Amino acid sequence: MAWYYIVLLAAYCGTIVSLIAVVLSENRNPVKSLAWITVLLMVPVFGVVLYIFFGRSLKNTRMITRRNRRKLRKRESFKGVDTNKLPYSKANILQIKMANTLNGAIYYPGNRVEVFTSGHEKFDNLLHDLENAHQYIHLEYYIFTDDTIGNRIADILIRKASSGVKVRVIYDHIGSLNTKNRFFKRMKDAGVEIHPFFRVTFPVFATRINWRNHRKIAIIDGEIGYIGGMNIADRYISGVSYGIWRDTHVKITGPAVGGLQYAFAVDWSFMGQPLLEEKADCRVPHLPHYSAGIQMMTSGPTNQWSNIAMVMMKAIANAKRCVFIQTPYFLPTESILRNLQAVALSKVDVRIMIPARSDSTLLTYSTFSYIKECLAAGIKVYLYEAGMLHAKTVIVDDEFVSVGSTNIDFRSFEHNFESNVFIYSREVNRQMRDIFLNDINDCVRLNATEWNKRPKTQKMKESMYRLLSPIL
């Protein structure tokens with residue numbers, strides 16, 4: 001039987017060498033490549049399994065053909081504006097151009113933005129708009145739960161589909177794994193076109209589990225759009241055992257809804273579904289409160305660049321007065337962290353708000369491991385104590401706001417399919433800053449001296465979990 005073991009050993013060694021060759025050929029960040037090579041060499045068998053699940057790359061995978069992409073843009077029929085003539089700082093104009101270069105993000109002027117900071121507000125508005133839909137409803141959510149709010153929305157979708165309204169739903173298969181199939185089947189049987197994104201089944205389990213559609217988008221009749229951090233689940237309304245669920249979502253009325261519709265259409269096509277025919281209303285209304293300029297930006301593991309992270313880095317680097325960030329998990333890439341430290345050391349007012357207790361103990365400790373480095377650079381760090389802070393917002397100076405599904409962490413920047421709106425508006429910026437400053441009343445601000453006194457056991461856990469940051 002010795003020959004049998006020799007063959008197995010040779011096959012295993014051949015697999016390791018092949019995987020190392022793949023890692024090297026992808027020309028990744030040297031630190032990350034070295035980390036994977038070390039794991040493959042030092043952790044037998046488990047290292048291979050870990051790489052298959054978390055180490056593979058989807059870079060430069062095309063989500064939609066160029067021909068179909070042109071068709072969708074043509075149907076939108078939006079006449080672009082001369083970005084050089086926009087009433088913003090030179091830095092923000094360059095930022096807008098950068099977002100357009102990265103993934104064709106169109107700048108849409110003349111939008112109205114309503115900000116929701118609780119599930120009650122968001123779902124009351126969404127339910128009303130769904131009830132009044134006449135042509136089509138498009139929903140795309142990471143989590144769609146079989147609970148009270150989930151069933152209320154499902155009931156509306158079923159009624160609308162039966163009355164002739166086109167209803168399409170995308171949900172993430174991993175994010176909604178706890179939702180029973182019969183919940184989705186009920187909608188499908190009633191005429192709702194509903195599909196899981198990257199269904200995880202054997203034998204393709206390992207090739208899909210790491211890539212999740214984390215987007216939270218709704219489009220109604222091409223006239224109203226929703227985007228932000230809230231999934232469809234009761235906890236966004238009723239909170240959790242230790243407090244409220246504090247989140248941020250926005251409702252958009254105006255031509256930027258066309259950007260949300262385009263993003264949904266690309267994902268719909270990516271799942272092998274027919275190209276959408278429905279159009280969005282891209283007219284620019286000249287009405288009071290319709291003054292916000294918006295770019296809709298998507299990113300994911302298929303992109304050459306980390307689109308949203310790139311724009312965030314430029315926005316932070318451009319800061320002259322302030323950078324306010326709310327995020328449930330703070331596991332920044334090296335570039336983001338150095339950017340924040342650099343502007344803070346330049347005496348820009350940099351503030352980061354994270355939950356004192358998140359919905360994941362592992363992610364809480366990983367997040368805490370970065371606090372010391374932030375405090376050392378003069379970054380103000382606040383722990384939100386009223387419950388779970390799930391908002392994902394970035395506010396820079398007086399004009400720029402980012403709202404969407406993207407956390408400040410490796411997973412959002414590198415592995416998840418994410419979507420954010422970049423809003424250019426002094427009015428919205430002022431409103432978001434007021435919300436941030438009001439949330440500080442429910443926070444405790446950390447200082448370096450007290451933070452260094454935390455128990456050694458906690459410090460050890462933070463250091464251990466931080467090693468897992470790139471794959472959490």
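Please read these numbers as outputs of a predicted model, since none were measured by experiment.
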State, without any angle test, whether [X] and [Y] hold a side-chain donor-acceptor pair at a distance under 3.5 Å.
| X | Y | answer |
| --- | --- | --- |
| D442 | Y382 | no |
| T298 | N103 | yes |
| Q95 | Y424 | yes |
| S405 | E418 | yes |

Restricting to side chain to side chain donor-acceptor pair (under 3.5 Å), what partner residues turn up for [X], sequence neighbours left out?
| X | result |
| --- | --- |
| S358 | T364 |
| E462 | R454, Q458 |
| R433 | N429 |
| K251 | D129 |

Among all residues two or more places apart in sequence or in another chain, which pass the side chain to side chain contact (heavy atoms under 4.5 Å, CB included) test with [X]?
| X | value |
| --- | --- |
| T83 | L86, I96, K97 |
| T65 | R67, N68 |
| V343 | I316, V348, V350 |
| A309 | S306, F413 |

Quick one: ring pair (Phe, Tyr, Trp, His ring centres under 6.0 Å) partners of [X], sequence neighbours excluded?
| X | answer |
| --- | --- |
| Y171 | F184 |
| Y108 | F78 |
| F324 | F436 |

Given the options I395, V428, V394, V250, V403 meets side chain to side chain contact (heavy atoms under 4.5 Å, CB included) only with V250
Margin query: For the residue pair R73 and Y262, would you count it as a cation-pi contact if the rule is NZ or CZ under 6.0 angstrom from the ring centre and within 45 degrees of the ring axis?
Written below: yes
Rounding to 0.5 Å, atoms CG (D397) and NZ (K320) come to a distance of 7.0 Å
Under 30°, 30 to 60°, or over 60°: which ring-plane class applies to H249 and Y141, parallel, tilted or perpendicular?
parallel
* **F417 and F197 aromatic ring geometry - parallel, tilted or perpendicular at 30°/60° bounds** => perpendicular
On a heavy-atom basis, the closest approach of T393 and M432 is CG2-CE, 3.6 Å
Scanning both residues in full, the closest heavy-atom pair of P196 with R199 reads CG-NH2, 3.4 Å
Please evaluate residues R215 and D267 with respect to the criterion salt bridge (Lys or Arg N to Asp or Glu O under 4.0 Å), reporting the C-alpha separation (whole Å), side-chain torsions for both, the decisive distance (0.1 Å), and the verdict. CA-CA 10 Å; R215 295 168 184 157; D267 287 352; 2.5 Å; yes
Residues passing the salt bridge (charged side-chain N to carboxylate O under 4.0 Å, His left out) test with R357, sequence neighbours excluded, are none
Side chains of T101 and W305, heavy atoms from C-beta outward: is any pair under 4.5 Å? no
